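Okay, so here's the structure we're looking at.
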Amino acid sequence: MAYDPRPVEPAIYKRWLEAGVFQPRPDGEPYVIVIPPPNVTDVLHVGHALNNVIQDVLIRFERMRGRAAEWLPGTDHAGIATQNVVEKRLAKEGRSRFDLGRERFVEEVWCFVNKTGNTILEQLKVIGSSCDWSRLRFTLDEDYSRAVREVFVRLWDEGLIYRGHRVIHWCPHCLTALSDEEAEHHETQGNLYHIKYPLEDGSGFVTVATTRPETMFGDIGLVFNPKDSRYKALQGKRVKIPLSGVVIPIATDEVVEQGFGTGLLKVTPAHDANDFDIARRVWPASEMPLVIREDGTLGEDGGHGGHGGQKATAAVKNKGGGQGGRVPAEYVGLDRFEARKKIIERLKATDLLEKVEQHKHSVRRCYRCDTVVEPRLSDQWFVTMKPLAETVMAGYAKGEFHIVPERWNATFENWMNNIRDWNISRQLWWGHRIPVFTCANGHQWADRADPQTCPKCAAHVEQDPDVLDTWFSSWLWPFATFGWPDDTPDLRRFYPGHTLVTGPDILFFWVARMLMSGYKFMGQKPFRTVYLHGIARDTKHRKMSKSLGNGIDPLVVVEKFGADALRWTCVANTALGADLLLDPEDLETTFAPGRNFANKLWNIGQFVLGQLPTNVPAIEAVDRRSLTLADRWILSRAQATVRAATAAFEQFRLDEAAKRCFEFAWNELADWYVEAVKPRMTGSEAQTPQAVLAYCLDLSLRLLHPVVPFISEELWQKLPGRKADELLAVARWPVARPELEDPRADQEFGRVKTVIEHIRSIRAEYRVSPKTRLRATIVTRGNDKVTTFDGERDTIVRLAQLDSLALDGVPQGVGAHAVFGDGSEVVVALEGSIDVQQECRRLSDELGRLDTQLRSLAARLTNESFVARAPQEVVAKEREKEKAWRDQRDVLAGKLKSLGCS
RNA sequence: GGGCGAAUAGCUCAGCGGUUCAGAGCGCCUGCCUUACACGCAGGAUGUCGGGGGUUCGAAUCCCUCUUCGCCCACCA
């Protein structure tokens, strides 16, 4: 019967919850991880699974090592994302948020969040996440909101928050401003349109290259590089914007690259950050007309940037007459991309389009809805980031925290050292409302409370309508979750945390900013280690995403293969920081290894448990003299495994730790020890192997528990002597016992394995049925002591399926030979079925292989530089090897001769 | 334009600062339902470690360079 995780996993999880083992023990040194809070509306995808499995492995490892393990869970209100989800639902009913109004809309969102917000948390439980659910947080919790507000007010009072009038990224779909980080770069194949701007004086035209012709109604001038001799004559002249006829000046500016396009640049200050800077240098008094509305259509709606601050001057003369006539009527209301097409057609028709070139460039898109972002002049709240970043970098330089893998250092440093101010206002309704108040008399301040009247003049006050960027609340996660700004016991105990586990995609969004807020408000780092894991991708290396439809539903995987299998794949297939590649087309290949391993463990458990009496002696109570070579070998391997696995976990090499434990359980314990020990399991001699088996199974389960917690717990429960309330989840992590380390046993049992493998190999080579028992003889030489094999004679007989094994006798009749060690031989009697020709070929192939190796070894050893410069122990080892091989070769050669091979 | 990463068996990848490192899983071939396990057991085959150069006694492993992919950053009109 194969192991079925389906009934086991939920039951085990329930037991953990009931026992309260996920809450940190009251004593002991804390180990703290704060979860990257998933969006409340999220449903679990593989990315979450990977992220949370890694955290769970680390937290379970440290919990077993006796730390007070605190894994703080929670969710993020995710302003834009959540608002979008609810708006989409409203849209299905033909309604918009404007129909509801702000208050009712926010109620609607709360309603939705309260109903569906726990979905992902329940899913995290399904995959085994051992979060401290008693400390669950949400970024819109009352306490948490207080922290957000406190931070805002403090920054405001320090003058680190300011109103900026500048070109920001605007999403025409989400209808909000975005930060630089939220506008993702996408390399795009576009066009460079060469457009003719007629000179005002009718003396011809100049050509300007642009990728965004639809912005031209917002042009306030053209510039060329002062060094550009081609255009000297244009200085001071004016041109007409095609299709609108608005007259704009020509000037010079250093930033214009002569080699790009025509060397003439159209300046659209309200829709291009670079042009904004140019305009302020060249035409400081100029108006900056907005010609694309908030929704992405052409027209002049004023909007957030409508009050430009500067008045129109003579530099811009509106030929069409009248205010607001910059965009010709036929384009007003057209979507920007339609407008682009139409404009190009018209330009072509009026012979004002000189040419169109293909042009690859980076287009920014909204990280939430993928809409092409519109640069737009606007008034927004910004945080001055430089001082915050500098504090972090001072701590970073002192090594107060570090990033693994290290290769992210450069990226992190580069971003921090070139930090730009953070646009924190969003034109949304869902989120923390910006606590800035303005009275009728123009007094403005940030407030912890909601004032009704102005403290200075008692006038009526109004609160800023916008909300804060979601990340302005999540950047406080490591301390706001523990009660800050109050000085709580939790905060004192759990700050700073230890390991922050996340993907590199939110290094800037979240990690860097948490560091800044941590240093700023807590006076020190929020965590010691930032562990950046890979990203879940499909086999074509594409990020898994809903839109591509290449995702894998972790719950389907759990249903088909079990949570342990899912976890196994996440852990074993991702080397430190490497991406996790999964094939959505072939779940079997992707997840079967974990399921198979769980099944193997289950069966090892079935066997071992079946052998154990209720009172198994502890391993330390076993008389050392009763240990056989096989016992000593597996016990020694166990110690090596403990050391290797512990070290690997400590270094975040989860894949290595998992694989090492896998090898111990499967390849060493099951494949060799269990098979070797079977004959000893009956009778009075059974006590020792029982103790060894119990010890090895217990050890394997402990070591594997962080990775496959369910099956390990299930089996561990069944070990004899378990008290009813004992749980593996809080059992002690094994420590290597030096007294059980036995390098000699490693070596000697290694020889036993070699002999068995040789015999098996010979059997296969000569196609001897497994049913046929064979007779074999071992002739030892050199260090290959006959006593070694004598002690394990039964093992060899059993595992090589022999009839009898002679030691140091004279091999009878004809047989197949294998040489090993210091020229020792194993001879398998094969009267009748042996083919001398075949045997000759086998042996001479072997001899050939040996000769080749020997030659290269000899070359190395006769190389004086090698002997002189290589480390002594390397040379000594090579010498030993050479001697053994030489002996083997001599024996082989002798055999060939005696067989009469040519 | 700058930075980073990847190129190793048919596939997905290990190989953690050099001398049994040429590996694992899956797939493939040959035998096996050997009373824990066919989600298994045993035995096999497959790679000029992307190309070129260099350092060294010795290089998938370090340095340089080229090619191909991917990612991040940038005021690529």
Side-chain angles (χ1 to χ4, degrees), chain A residues 1-3 167 184-185 187 190 192 208-212 215 223 255-257 260-268 272-278 359-362 405 407-411 414-415 418 504-505 507-508 535 537 539 541-543 561 565 572-579 581-583 586 588-590 592-611 648 651 653 655-656 659 662-663 670-671 674-675 678 757 760-765 767-771 798-799 801 853 857 860 863-871 874-875 877-878 881:
Chain A
M1 271 292 280
Y3 167 64
V167 175
E184 294 180 338
H185 293 272
E187 191 80 351
L192 193 56
V208 174
T210 179
T211 53
R212 306 183 60 223
T215 64
V223 286
V255 301
V256 182
E257 273 180 50
F260 191 92
T262 61
L264 256 186
L265 169 66
K266 68 193 258 317
V267 179
T268 320
D272 186 291
N274 193 28
D275 290 5
F276 177 81
D277 292 340
I278 295 172
H359 180 60
K360 225 193 215 163
H361 63 130
S362 172
R407 79 179 117 88
W408 289 101
N409 288 354
T411 305
N414 184 52
W415 191 79
N418 297 288
D505 46 339
L507 179 59
F508 305 145
I535 290 172
R537 300 178 185 280
T539 43
H541 294 251
R542 298 178 307 183
K543 202 166 161 174
F561 302 91
N573 285 359
T574 167
L576 186 68
D579 286 342
L581 272 87
L582 304 169
D583 188 354
D586 189 358
E588 181 66 21
T589 299
T590 309
R595 177 201 57 195
N596 296 353
F597 179 48
N599 189 241
K600 187 72 185 183
L601 270 180
W602 177 255
N603 280 294
I604 294 170
Q606 293 316 108
F607 174 79
V608 173
L609 294 171
Q611 304 300 325
Q651 292 156 44
R653 301 301 310 251
D655 60 323
E656 237 182 68
K659 283 174 186 161
F662 171 100
E663 278 167 20
D671 287 349
V674 164
E675 292 308 325
K678 275 177 178 172
E757 280 163 349
R760 284 170 172 171
S761 207
I762 286 168
R763 178 191 294 277
E765 180 93 14
R767 309 205 170 280
V768 180
S769 153
K771 297 231 165 68
R798 190 185 140 71
L799 297 192
Q801 287 166 295
Q853 288 178 299
L857 196 55
R860 208 174 306 155
N863 184 329
E864 280 175 36
S865 313
F866 171 74
V867 178
R869 299 197 201 185
V874 172
V875 177
K877 236 166 135 183
E878 298 292 80
K881 206 155 56 176

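Not measured: the values here are computed from a predicted model. In what follows, every chain begins at residue 1, and chains take the letters A, B, ... in the order their sequences are listed.
As rounded to the nearest Å, B:C28 and B:A45 have C1' atoms that lie 8 Å from one another. Nucleotides B:U20 and B:C29, compared at atom C1', are 27 Å apart to the nearest Å. Taking atom P on both nucleotides, B:C16 is separated from B:G10 by 22 Å, rounded to a whole Å. With P as the reference atom, B:G31 and B:A14 are 35 Å apart, rounded to whole Å. The C1' atoms of B:U48 and B:U8 are separated by 12 Å, rounded to the nearest whole Å. A distance of about 12 Å separates the P atoms of B:C4 and B:C63, rounded to the whole Å. Remark: the separation of the P atoms in B:G23 and B:A9 is 14 Å, to the nearest Å. Separating the P atom of B:G27 from that of B:U35 is a span of 24 Å, rounded to the nearest Å.
With B:A77, B:G25, B:U30 as the choices, the nucleotide that has an atom nearest any side-chain atom of A:Pro593 turns out to be B:G25. Candidate nucleotides B:G31, B:A77, B:U19 were compared by shortest atom distance to the side chain of A:Pro770, and B:G31 ranks first. The side chain of A:Asn414 lies closest to B:C73, out of B:G43, B:C73, B:U20. Of the candidate nucleotides B:G43, B:A77, B:C72, B:C72 has the atom nearest to the side chain of A:Thr411.
Rounding to the nearest 0.5 Å places CG of A:Leu507 at 7.0 Å from OG1 of A:Thr411. Distance check: A:His361 NE2 to A:Arg212 CZ gives 9.5 Å after rounding to the nearest 0.5 Å. Here the CG atom belonging to A:Asn599 is positioned 5.0 Å from the CG atom belonging to A:Asn603, to the nearest 0.5 angstrom. Going from atom CG of A:Asn274 over to atom OG1 of A:Thr268 covers 10.5 Å, rounded to the nearest 0.5 Å.
For the side chain to side chain contact (heavy atoms under 4.5 Å, CB included) with A:Asp275, the lone residue among A:Val267, A:Val167, A:Thr215, A:Val223 that qualifies is A:Val267.
Between the CG atom of A:Asp277 and the C1' atom of B:A77 there is a distance of 13 Å, rounded to whole Å. One atom, CG of A:Asn599, and another, C1' of B:C39, lie 5 Å apart when rounded to the nearest Å. Computed from coordinates, the A:Asn409 CG to B:G3 C1' distance equals 13 Å when rounded to whole Å. Taking atom CZ of A:Arg407 as the reference point, atom P of B:C16 lies 14 Å away to the nearest angstrom. One can place CZ of A:Arg763 at 12 Å from P of B:G43, the figure rounded to the nearest angstrom. The distance from atom NZ of A:Lys360 to atom P of B:A74 is 19 Å, rounded to the nearest whole Å. If you measure from atom CD of A:Glu187 to atom C1' of B:C72, you get 12 Å, rounded to the nearest angstrom. Between the CH2 atom of A:Trp415 and the P atom of B:A74 there is a distance of 10 Å, rounded to whole Å.
Every residue two or more places apart in sequence or in another chain that forms a salt bridge (charged side-chain N to carboxylate O under 4.0 Å, His left out) with A:Arg595 is listed here: A:Glu588.
Within the shown strands, nothing qualifies as a pairing partner of B:U20 under the Watson-Crick or G-U definition with both distances less than 3.5 Å. Remark: B:A45 base-pairs with no nucleotide in the shown strands. Criterion, Watson-Crick or G-U wobble with two distances under 3.5 Å. The base-pairing partner of B:C71, taking Watson-Crick or G-U wobble contacts with both distances under 3.5 Å, is B:G3. Of the nucleotides present, none pairs with B:U35 by Watson-Crick or G-U wobble criteria with both distances under 3.5 Å.
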Worked verdict on A:Arg653 versus A:Asp655 for side-chain contact (heavy atoms from CB on, under 4.5 Å): CA-CA 6 Å; A:Arg653 301 301 310 251; A:Asp655 60 323; 3.9 Å; yes
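Under a cut-off of 6.0 angstrom, the local environment of CD in A:Glu187 is crowded, with over 12 non-hydrogen atoms contributed by other residues, nucleotides or ligands.
Contact between the side-chain N/O atoms of A:Asn596 and the OP1/OP2 oxygens of B:G40 is found at a separation under 4.0 Å. One finds no side-chain N or O of A:Arg653 lying less than 4.0 angstrom from the OP1 or OP2 phosphate oxygen of B:C16. Between A:His185 and the phosphate of B:A74, there is a side-chain N or O to OP1/OP2 separation shorter than 4.0 Å. Contact between the side-chain N/O atoms of A:Lys659 and the OP1/OP2 oxygens of B:G23 is not found at any separation under 4.0 Å. For B:A77, the OP1/OP2 oxygens have no side-chain nitrogen or oxygen of A:Thr268 closer than 4.0 Å. A sub-4.0 Å separation between OP1 or OP2 of B:C41 and a side-chain N or O of A:Lys600 is present. For the pair A:Lys771 and B:C33, the criterion of a side-chain N or O lying under 4.0 Å from OP1 or OP2 is met.
Residue A:Glu257 is classed as a base contact, given a heavy-atom separation below 4.0 Å to a base. Within 4.0 Å (heavy atoms only), A:Ala670 reaches at least one base atom of the nucleic acid. A:Gln853 comes within contact range of no nucleotide atom at all, as no heavy-atom separation falls under 4.0 Å. Across all strands shown, A:Arg595 has heavy atoms under 4.0 Å from base atoms, whether or not it also approaches the sugar-phosphate. At a threshold of 4.0 angstrom between heavy atoms, the contacts of A:Ala592 with the nucleic acid are absent. Among the protein residues, A:Ala273 comes within range of no part of the nucleic acid, since none of its heavy atoms lies under 4.0 Å from any strand. Within the nucleic acid shown, A:Asn418 has no heavy atom closer than 4.0 Å to any nucleic acid atom. Looking at heavy-atom distances under 4.0 Å, A:Val867 makes no contact with the nucleic acid at all. Nucleic acid contact for A:Val267: none, since no nucleic acid atom lies under 4.0 Å from a heavy atom of the residue. Residue-level contact check: A:Asn863 touches the backbone only, with heavy atoms under 4.0 Å from sugar-phosphate atoms and none from bases. Nucleic acid contact class of A:Ile278 (heavy atoms, under 4.0 Å, all strands): none. Residue-level contact check: A:Ser362 touches the bases, meaning some heavy atom is under 4.0 Å from a base atom. In this structure, A:Arg767 reaches the sugar-phosphate backbone alone: every heavy-atom distance under 4.0 Å involves primed, P, OP1 or OP2 atoms, never a base. Looking at heavy-atom distances under 4.0 Å, A:Pro504 makes no contact with the nucleic acid at all.
Judged by distance alone, the side chain of A:Arg760 and the main-chain N or O of A:Gln801 form no donor-acceptor pair under 3.5 Å.
With a glycosidic angle no more than 90° from 0, B:A60 adopts the syn conformation.
Judged by atom type and distance alone, A:Glu757 does not reach the base of B:A42 through any side-chain donor-acceptor pair under 3.5 Å.
A heavy atom lying under 4.0 Å from RNA chain B marks the following residues of residues 602-611 of chain A, by number: A:Asn603, A:Ile604, A:Phe607.
Taking the side chain as every heavy atom from C-beta outward, A:Phe260 and A:Leu192 approach each other to under 4.5 Å.
Using a cut-off of 4.0 Å between Lys/Arg side-chain N and Asp/Glu carboxylate O, A:Lys659 and A:Glu656 are scored as not salt-bridged.
Remark: A:Lys600 is not positioned above the aromatic ring of A:Phe662, lacking an NZ or CZ atom under 6.0 angstrom from the ring centre and at most 45 degrees off the axis.
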